[in-house]
Amino acid sequence: MKPVVLVTGILDTKGAELRYISEQIRESGCDTLIMELSLGREVGEPWIDIPLGKVLEVIGKTPEDIYKKSRNDAGELVSQAGILVAKKLQLEGRINVIISYCGSMGSAITSAVMRELPYGFPKLLLSTSLHNYENYVQFKDMMVMYPLSECGFNVISKKIMSTAAGAIAGAAKMNAGFSNEIDTNKLVPVTMQGVTTPCGQRAYNIVNSWPGYESMIIHCTGAGGLSIEAMAREKAFAGLLDLNIAELGNNKLGGKSNSGPGRLVQAAANGIPQVIGTGSLDFVTFGGGDHDVPQKYMDEVARKIEGRVYSRHNVNVSIISTTVEECRELARELAEKISCASAPTAVLIPLRGSSGYEMESPDIRKGWAGPGAAPCWLPYDGHPHWSKRSVNFMEELCADLPGDNGNIKVFACDMHINDPEYADTAAEMIRRMIDGDGDPYELDSAKISEVF
């Protein structure tokens, strides 16, 4: 049986192009299903497998209904219907991939459809509106190709369309070899950034060493956090090692690695066991130069506000460290977000620093080569080897968590986040939470103590 490609778009403006792509796909050894998502008129040609009227039936509408709407409102209705039809086809195993050729409106409609299809299901969007690329992709594994030409046929556009057809046909053949049902019973993602790489990679390797388990590392730079929340909403993993919360601070302070206010919500809301770390609590990211940082933060750097420093990470990224009060605010926010947790949830706070930028002294194995202390290091008055941010975060978190939810535990860890024992502890906790193998909080370490 040949793999099937769902070909879709606004056929009253891109019909000829999408029909050509379909022909090229079939020449590459796949079948196609053509779904119409037009707005201006129903094309109604026999080569269209799922005409607009049939698509709109699933939401109780007709083409005439959408013709009376504004273009924006019509687009939203067609998106809703297209999502339902495409998801049904995917769940029934009738399609293996999806492709579209679009301008601005078509990209908005078909990317919405693609984002609702599962991770790992190949999606290729040919879009002439690359300025909206991030809006189209958001948090999904979508391929985007620039077709150069808005419409029409010539020696260049035919070659581009044929290349896209060959690419998606190849993806269809590969995807057809995978089951439509993905077993996620032992999948445990790990979140990290570059400055918590030793922690993330060690946890990842530990999880992958357990029989039957799999892991994946999610880079917390905005899209990563959106992906984690989307996967948690779909219950696409068994447990979560959410060891880097960079996006929480970036949302609060307007940083670049921002996934919005929904970060750290879905695992708790959907009963997924999780171990939360405070990776990258100590800073937020902006563009590569000091002119890319909001002036108010640069002014605080100049005034030597406690805890506020500026540092260049690379040519594209600079960092501003968080203040102690901002860390307390983030703790209050985290407490609110996980207070509903119905599955085991642990927060592990590394008192000796939350990233390679928050270290008392150089240690290249942990991410800081020196000289001297890392730029974000701010010692706690009562214990000079501890981070003042971590201690205050811990105190505020324990004060704000609900006392009547026994699923939530907080642990003080007398170690740096990139110490091997930190990752070892987090990984063992999540394994016990998922397997129900003994008390997940029974620890044999003098460096770790339960504080809530």
With a 4.0 Å cut-off on N to O distance, would you call [X] and [Y] a salt bridge?
X      : Y      : answer
Glu214 : Lys186 : no
Glu306 : Lys388 : yes
Glu300 : Arg303 : no
Lys409 : Glu450 : yes
Arg115 : Glu234 : no
Glu395 : Arg328 : yes

Going by distance alone, is a donor N or O of one side chain under 3.5 Å from an acceptor N or O of the other, for [X] and [Y]?
X      : Y      : result
His219 : Gln193 : no
Glu36  : Ser38  : yes
Thr221 : Ser257 : no
Asp282 : Ser354 : no

Look only at the side chain of [X] and the backbone of [Y], and say whether a donor-acceptor pair between them is shorter than 3.5 Å.
X      : Y      : result
Thr322 : Leu281 : yes
Asn205 : Gln201 : yes
Asn407 : Ala341 : yes
Asp292 : Phe286 : no
Asp435 : Asp437 : no
Lys123 : Phe121 : yes

### Task
Check the pair Ser311 / Ser318 against side-chain contact (heavy atoms from CB on, under 4.5 Å), numbers first and verdict last.
CA-CA 6 Å; Ser311 183; Ser318 57; over 6 Å; no
### Query
When you look at Glu421 and Ser445, which way does the side chain to side chain donor-acceptor pair (under 3.5 Å) test go after all the steps?
CA-CA 9 Å; Glu421 190 177 349; Ser445 174; 2.5 Å; yes
### Message
Tell me whether Lys140 forms a cation-pi arrangement with Tyr119, defined as NZ or CZ under 6.0 Å from the six-membered ring centre and within 45 degrees of its axis.
### Response
yes
### Query
Given the rule in the ring pair (Phe, Tyr, Trp, His ring centres under 6.0 Å) test, do Phe411 and Tyr441 qualify, once you have shown the distances and angles that lead to the verdict?
CA-CA 9 Å; Phe411 295 86; Tyr441 309 121; 5.7 Å; yes
### Steps toward side-chain contact (heavy atoms from CB on, under 4.5 Å) verdict (Glu442, Arg432)
CA-CA 10 Å; Glu442 186 179 346; Arg432 292 183 188 177; 3.9 Å; yes
### Message
Set out, in order, the CA-CA distance, both residues' side-chain angles and the distance that settles side-chain contact (heavy atoms from CB on, under 4.5 Å) for Val7 and Tyr101, then state yes or no.
### Response
CA-CA 9 Å; Val7 181; Tyr101 185 122; over 6 Å; no
Within 6.0 angstrom of [X] [atom1], more than 12 heavy atoms from elsewhere:
X      : atom1 : result
Lys173 : NZ    : yes
Tyr133 : OH    : no
Asp444 : CG    : no
Glu134 : CD    : no

### Message
Test salt bridge (Lys or Arg N to Asp or Glu O under 4.0 Å) on Glu336 and Arg332; report intermediate values, then the result.
### Response
CA-CA 6 Å; Glu336 181 180 354; Arg332 289 192 285 271; over 6 Å; no
### Query
Stepwise, does the salt bridge (Lys or Arg N to Asp or Glu O under 4.0 Å) test hold for Arg308 with Asp299?
CA-CA 10 Å; Arg308 185 74 86 207; Asp299 289 345; over 6 Å; no
### Query
Looking at Tyr357 versus His313, is the centre-to-centre ring distance below 6.0 Å?
yes
### Task
Might you work through the side-chain contact (heavy atoms from CB on, under 4.5 Å) test for Leu334 and Phe393, ending with a clear yes or no?
CA-CA 10 Å; Leu334 178 62; Phe393 183 93; 3.8 Å; yes
### Summary
Only one of Asp419, Thr196, Asn418 passes side chain to side chain donor-acceptor pair (under 3.5 Å) with Lys366, and that residue is Asp419
